[in-house]
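Note sheet for the following structure.
The first residue of the sequence shown is numbered 1, and numbering continues consecutively from there. Just so you know, these numbers use all the heavy atoms, side chains as well, and skip hydrogens, waters and symmetry mates.
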Amino acid sequence: MDRFKVVLTDYEFEDFRFEEKVFKSSGLNINFVKAQCKTEEEVIQIGKDADALLNQYAPVGEKVINELEKCKVISRYGVGVNTIDVQASTNKGIFVSNVPDYGVEEVSNHALALLLSSARKITQLNAHIKSGQWDFKLATPIYRFSKQTLGVLGFGRIPRVLVKKAQPLGFQILVHDPFVPEDDIRQMGAKPVPFEELLTASDFISIHVPLVESTKHLINKHTIRLMKKNAVIINTARGPIINENDLADALKNRQIAGAALDVAEEEPIPKDSPLLTMSNVILTPHSSWYSEEAMEELRTKTAQNVIEVLSGKKPTYFVNKELEKLSSVVK
């Protein structure tokens, strides 16, 4: 029986029980190699002769792809695949897999929690009380949800669930996604609008777009200037979608009211970031995806993508659809 080398480029896990369970039950002869790569050179060194890569945060760019001798699939832990050069992988016939459906409940719940905490100024009031100030006026103004508009940027799986959860609370909901038919948005009780209208009309803006070249720094000093002074930006997508320097300046100059961020341009967020000292900013450590159930689902499906390809099948989840007609990938 052929022996397949599967390389884990990097990880934050304490054990590998979910991956090993999938590999063992597959019946394939798997040599599972765990690494903690930080650079492309390190990925090449350990993964050059790999049949498959599991990837969390390590960079897998064109330089890496070109050095892979027999890799058939790169399976990433997560929805986004911005750590991987998808085009270079496609050119070489390598599937790029992800897990697009594992954290829908968790991320939508986290976005909703950030929305509600911002709307009711929970963290600000909590901080005031702990500093010895018992005064609701320190958090004014606060408005009824039914008088507030939630703008949703992007309309994939997660924001659709967020909309369902926010609607019963009374928020008016605007959506911008040029890749989704407007009737689909209307059918969910939301109003499709152009990007600029979403910025100018929303009290809260929740970001749910992928990080690609066109969305990097989509939120910047120019787009922030279009927002209401009472606007709050919520981001559970990817940090670089927001230019954090521009955001910090806007918050400092009171151009907008606040931000609630689960992601940052650089993670962990730098210790000298001005966002850390702002009372109108809520920060969480890229944790919106997490629950115990989501963790198991993510790691199991990431490993299953690899096994499917090494078994001669297409993976259940993959982003480079140009390989759709590839009937057999095992050489």
Side-chain angles (χ1 to χ4, degrees), residues 4-12 18-19 22-23 26 28 30 32-35 37-44 46-104 154 156-158 179 209-216 237-238 240-241 289 297-331:
F4 296 105
K5 180 179 179 180
V6 177
V7 170
L8 175 60
T9 63
D10 60 307
Y11 58 91
E12 294 180 321
F18 302 121
E19 293 85 354
V22 171
F23 295 155
S26 72
L28 298 179
I30 302 292
F32 186 27
V33 180
K34 300 95 171 176
C37 302
K38 301 296 183 184
T39 66
E40 290 195 329
E41 288 72 20
E42 290 175 342
V43 176
I44 292 169
I46 193 71
K48 185 175 183 178
D49 60 343
D51 296 283
L53 299 181
L54 295 174
N55 172 251
Q56 189 169 23
Y57 301 122
V60 186
E62 183 177 11
K63 181 178 179 180
V64 176
I65 303 300
N66 289 339
E67 292 291 332
L68 298 177
E69 297 173 349
K70 55 178 181 176
C71 185
K72 302 170 184 67
V73 58
I74 304 169
S75 188
R76 186 172 188 277
Y77 293 98
V79 179
V81 292
N82 49 291
T83 59
I84 304 165
D85 190 321
V86 176
Q87 188 58 58
S89 301
T90 302
N91 293 343
K92 206 162 182 180
I94 299 172
F95 285 108
V96 177
S97 296
N98 63 344
V99 187
D101 57 357
Y102 79 99
V104 172
R157 291 179 176 88
I158 291 167
F179 302 103
V209 296
L211 177 59
V212 294
E213 186 176 349
S214 62
T215 61
K216 183 177 182 180
R238 287 292 184 270
I241 294 168
W289 64 273
E297 182 179 1
L298 170 65
R299 292 171 58 186
T300 298
K301 288 183 174 180
T302 302
Q304 285 174 340
N305 283 332
V306 166
I307 291 302
E308 287 170 346
V309 174
L310 297 184
S311 298
K313 306 172 185 176
K314 291 191 290 290
T316 299
Y317 309 100
F318 63 103
V319 299
N320 44 351
K321 297 303 181 182
E322 297 92 327
L323 302 183
E324 183 74 47
K325 295 181 181 180
L326 197 58
S327 60
S328 178
V329 295
V330 175
K331 301 290 193 290

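By the 4.0 Å N-to-carboxylate-O rule, D101 lies too far from R157 to be salt-bridged with it. One finds no salt bridge joining E308 and K313 here, because no Lys/Arg side-chain nitrogen approaches an Asp/Glu carboxylate oxygen to under 4.0 Å.
N320 places a side-chain N or O within donor-acceptor distance of the main-chain N or O of I94, the cut-off being under 3.5 Å. In this structure, the side chain of K92 engages the main chain of L68 through a donor-acceptor pair within 3.5 Å. When atom types are taken as modelled, the side chain of N98 and the backbone of V79 share a donor-acceptor pair closer than 3.5 angstrom.
Residues R76 and V96 form no side-chain contact, since every pair of their non-hydrogen atoms from C-beta on lies 4.5 Å or further apart. Counting heavy atoms from C-beta on, the side chains of C71 and L53 come closer than 4.5 Å. Counting only heavy atoms from C-beta outward, the side chains of D51 and V6 never approach each other to under 4.5 Å. Between F318 and E324, the closest side-chain pair of non-hydrogen atoms falls below 4.5 Å. N55 places a side-chain heavy atom less than 4.5 Å from the side chain of D10. Side-chain contact between I74 and I65 is present, with at least one heavy-atom pair separated by less than 4.5 Å.
Relative orientation of the F32 and F23 rings is perpendicular, given thresholds of 30° and 60° on the angle between their planes.
To the nearest 0.5 Å, atom CD of residue E40 and atom CG of residue N66 are 10.0 Å apart. Between the CD1 atom in I30 and the NZ atom in K5 there is a gap of 13.0 Å [rounded to 0.5 Å]. Interatomic distance, CD of E69 versus CD1 of I44, reported as 11.0 Å (0.5 Å rounding). To the nearest 0.5 angstrom, Y77 atom OH is 12.5 Å from S97 atom OG. For the atom pair CG (N305) and CZ (F95), the distance works out to 10.5 Å, reported to the nearest 0.5 Å. Expressed to the nearest 0.5 Å, how far OG of S89 lies from NZ of K72 amounts to 14.5 Å.
More than 12 heavy-atom neighbours from other residues, nucleotides or ligands sit within 6.0 angstrom of NZ on K70.
I307 and L28 get closest at one heavy-atom pair: CD1-CD1, 4.0 Å. Closest of all the heavy-atom pairs between S75 and T302 is OG-O, 2.8 Å. The two residues A303 and E19 have their closest heavy-atom pair at CB-CA, 4.1 Å. Taking all atoms of both residues into account, the shortest heavy-atom contact from T215 to P210 is OG1-O, 2.6 Å. For the residue pair A58 and T83, the shortest heavy atom distance occurs at O-CB, 3.8 Å.
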### Worked check of side-chain contact (heavy atoms from CB on, under 4.5 Å) between T9 and L54
CA-CA 6 Å; T9 63; L54 295 174; over 6 Å; no
### Message
Walk me through whether N82 and R238 qualify under side-chain contact (heavy atoms from CB on, under 4.5 Å).
### Response
CA-CA 10 Å; N82 49 291; R238 287 292 184 270; 3.3 Å; yes
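In this structure, the side chain to side chain donor-acceptor pair (under 3.5 Å) partners of K63, at least two apart in sequence or on a different chain, are E41.
When only modelled atom types and interatomic distance are considered, Y102 and K301 share no side-chain donor-acceptor pair under 3.5 Å.
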